[in-house]
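Report on the following structure.
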Amino acid sequence: MVDTPGPSKVRVRMAPSPTGPVHVGNIHTALFNWLFARKFGGTFVLRFEDTDRERSERKWEDVIYEEMRWLGLDWDEGPDIGGPYGPYRQTERLDIYQRYVDQLLAQGDAYYCYCSPEELAAERQAAERAGQTYRYSGRCLHLSEAERAALAAQLEAEGRSPAVRLHVPAGITLAWDDLVRGRIETESNTIGDFVIRRGNGIPVYNFAVVIDDITMKITHILRGEGHISNTPMQLLVYRALGVPAPQIGHLGHILGTDRQKLSKRNGDAYVGDYRAKGFLPEALFNFLALLGWTPEDEQEVQSREQLIEKFSLERLTRAPSIFDLTKLEWLNGVYIRELSVEEFARRCLPFLQKAGLVEDHPSASRWTWIQQVLAIEQPRVKTLADIVQATEYFFKDEIEYDEKAVRKVLKPESRLFLQDALQLLEKVPSEKWQSGVLEGLLHEYVERQGVKNIQVFQPIRVAVSGRAATPPLFDTLALLGREKTLARLRHTLSERVPKENSEEGLD
RNA sequence: GCCGCCAUCGUCUAGGGGCCUAGGACAUCGCCCUUUCAAGGCGGAAACACGGGUUCGAAUCCCGUUGGCGGUACCA
């Protein structure tokens with residue numbers, strides 16, 4: 001069913017509209033096209049569909065480049081690097097479209113339409129009111145030469161130009177073997193003659209894509225299922241031009257948790273949102289690849305190279321899928337844990353700086369210490385952004401107490417343990433302030449007291465961090481340093497530990 | 001309304017007529033490990049939307065229903 005492409009023949013493309021931030025759905029289909037191209041040694045083309053002049057802006061083109069690079073989706077031809085089939089921006093290809101429009105006009109497969117948008121809207125509404133399916137009447141197709149000339153003159157006088165419509169042949173079946181869904185058929189009768197070139201001379205999407213795909217020699221198209229209903233119209237253009245259509249496949253959409261289109265309300269929709277939240281590009285890449293596709297071995301965690309190696313059209317799934325943030329977080333955690341400490345620290349740095357915890361250019365010794373701090377939290381965070389909350393008590397002078405932890409852990413009976421711990425720790429000189437030393441000291445104390453570890457360690461933990469959960473206590477104390485540890489113990493002792501029999505201990 | 005696409009645990013999915021008492025992963029629950037939190041290990045709960053066919057046999061094939069989504073533009 002699916003033709004296995006020969007080497008180096010595959011040409012696929014990503015054709016976004018530069019009208020806003022890059023949507024996760026767009027990058028998802030780009031990713032499959034990219035995997036397909038890389039798998040078969042093909043060419044991955046980037047082109048901008050900017051025929052919507054109202055909404056297209058150059059700055060969004062830069063965002064597209066940026067997000068693609070971030071995810072590691074490199075392109076072989078594109079607006080910025082050129083290529084043999086350029087230009088790669090639709091507004092720069094107007095003369096090309098015009099040539100094909102002229103050809104269709106000359107062949108009689110397209111015709112000028114002089115109807116105004118207002119007239120058309122009225123017709124449509126009338127049909128709707130009558131409960132009928134609206135399709136363009138074909139009025140301008142049946143014009144006599146005289147009528148045509150009159151209308152053309154009238155339009156010109158009004159400073160308008162006619163649109164061009166494709167004449168849709170009646171009673172034919174438009175069908176294709178969808179790369180992911182199998183055969184899909186539609187009757188041409190359900191499609192009215194549609195505009196291929198607007199009155200302003202700019203072609204409409206369904207026409208421009210076809211011309212671009214033909215002239216750029218695109219062999220395979222993988223796109224979102226939203227395009228299924230466009231395909232018959234595009235097939236009509238291929239047909240009128242006498243050019244065979246590329247192989248086309250439609251991927252399931254990515255939906256939010258409410259089964260609606262992904263948006264701010266139901267989970268972030270833009271690639272940039274995920275980057276800002278501290279997701280790793282390799283994790284997002286891996287995650288997206290698993291939405292709508294599964295490798296034969298069902299392995300979840302996979303490198304870019306493995307994904308390329310395993311990718312196949314046959315294992316693409318049809319149903320739409322929901323973007324499960326929780327699973328992305330898990331996967332991100334997996335990738336974070338795989339990073340070297342240096343790499344992890346390097347990637348965390350911007351987040352810490354943005355939060356004001358770390359200066360712009362930390363000294364070498366400071367950087368070494370920062371890396372150690374980050375290292376003990378590395379196995380515990382799900383995103384890079386989490387590192388800020390996780391480590392801030394190492395960086396700040398004043399700690400914030402988690403009141404729940406204080407209430408639960410700092411009891412009147414903790415006072416003795418904290419006082420003793422303080423005394424013991426005060427005797428440790430700076431040069432001996434190491435995790436192992438501190439651990440030996442306090443374990444010995446616990447044993448002498450004949451109490452449980454938790455009765456002593458937990459109050460210390462809360463006293464120095466303000467929290468009930470931190471990395472292993474002695475690593476934490478060691479990194480915190482002698483001065484901060486002692487100061488926090490003293491402060492907590494005087495301010496936060498209820499005295500025996502006092503009212504404070506009751507709530 | 002009309003046209004089209006889709007339908008397996010909460011989620012991503014495996015499955016292509018007997019291998020299915022439906023497998024895996026995330027999440028969830030329990031236990032273990034443990035100074036707390038993670039991570040890890042072990043175990044549990046959890047699905048073939050519904051109704052008809054076809055067949056010796058259906059999650060798998062066909063029809064219908066329901067539901068979701070998309071299109072029905074001089075948007076892409």
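Letters A, B, ... are given to chains in the order of the sequence lines, protein chains preceding strands, and every chain is numbered from 1.
Donor-acceptor pairing under 3.5 Å, judged by distance alone, is absent between the side chain of Glu128(A) and the base of G1(B). Counting distance only, with no hydrogens placed and no angle test, the side-chain atoms of Arg467(A) and the base atoms of U36(B) include no donor-acceptor pair under 3.5 Å.
Residue Ile27(A) holds its CD1 atom at 5.5 Å from CG of Leu71(A), rounded to the nearest 0.5 Å.
Note on Gly199(A): a base of the nucleic acid sits closer than 4.0 angstrom, heavy atoms only. Arg181(A) comes within contact range of the sugar-phosphate backbone alone, with a heavy-atom separation under 4.0 Å but no base atom that close.
When Watson-Crick and G-U wobble pairs are counted only if both distances are under 3.5 Å, C37(B) pairs with no nucleotide at all.
Across G52(B) and G16(B), the matching P atoms stand 25 Å from one another, rounded to whole Å. Taking atom C1' on both C3(B) and G57(B), the two are 37 Å apart, rounded to the nearest angstrom. Rounded to whole Å, the separation between the P atoms of C61(B) and C6(B) comes to 12 Å. Spacing between U28(B) and C19(B) at atom C1', rounded to whole Å, works out to 31 Å. Taking atom P on both nucleotides, A76(B) is separated from G71(B) by 13 Å, rounded to a whole Å.
Side-chain atoms of Val446(A) and Phe417(A), non-hydrogen and from C-beta on, never get closer than 4.5 Å to each other.
Minimum atom distance to the side chain of Pro472(A) is reached by U36(B), of the listed U36(B), A7(B), A39(B). Ranking C69(B), A76(B), C12(B) by closeness to the Gln260(A) side chain, first place goes to C69(B). Here the nucleotide nearest the side chain of Glu49(A), chosen from A76(B), C12(B), A39(B), is A76(B). Checking G70(B), A14(B), C74(B) against every side-chain atom of Val195(A), the shortest atom distance belongs to C74(B). Closest contact between the side chain of Thr133(A) and the listed nucleotides A27(B), C12(B), G1(B) involves G1(B). When each of A14(B), U35(B), A25(B) is scored by its nearest atom to the side-chain atoms of Glu300(A), the top-ranked nucleotide is A25(B). Nearest nucleotide to the side chain of Arg318(A), out of G16(B), U35(B), G24(B): G16(B). Between C74(B), G10(B), G16(B), one nucleotide has an atom nearer to the side chain of Asp324(A) than all others, and that is G10(B). Checked against C6(B), C5(B), G23(B), the side chain of Ile228(A) finds its nearest nucleotide in C5(B). Taking the side chain of Asp52(A) as heavy atoms from C-beta on, and the options U35(B), C75(B), U36(B), the nearest nucleotide is C75(B).
At whole-Å resolution of the value, CG in Leu410(A) and P in U36(B) are 17 Å apart. Put simply, CZ on Phe323(A) is 16 Å from C1' on U13(B), counting in whole angstrom units. Between the P atom of C74(B) and the CG atom of Asn200(A) lies a distance of 12 Å, rounded to the nearest Å. Rounded to whole angstrom, the span from the CD atom of Glu187(A) across to the P atom of C5(B) amounts to 12 Å. Rounded to an integer number of Å, the gap from CZ of Arg315(A) to P of A14(B) is 6 Å.
Stacking of Arg197(A) on the aromatic ring of Tyr97(A) is not recorded, the 6.0 Å distance cut-off and the 45° axial limit not both being met. Under a cutoff of 6.0 Å and an axis angle of 45°, Arg165(A) and Tyr112(A) do not form a cation-pi pair.
Residues Asp213(A) and Arg47(A) are paired through a salt bridge, judged by an N-O separation under 4.0 Å between the basic side chain and the carboxylate. The residues Lys59(A) and Glu61(A) are annotated as not salt-bridged, no charged nitrogen and carboxylate oxygen being separated by less than 4.0 angstrom.
One finds a side-chain N or O of Thr317(A) lying less than 4.0 angstrom from the OP1 or OP2 phosphate oxygen of U13(B). OP1 or OP2 of U13(B) has at least one side-chain nitrogen or oxygen of Ser321(A) nearer than 4.0 Å. The phosphate of A76(B) has OP1 or OP2 within less than 4.0 Å of a side-chain N or O from Thr51(A).
Side chains of Asp109(A) and His167(A): no donor on one and acceptor on the other come within 3.5 Å.
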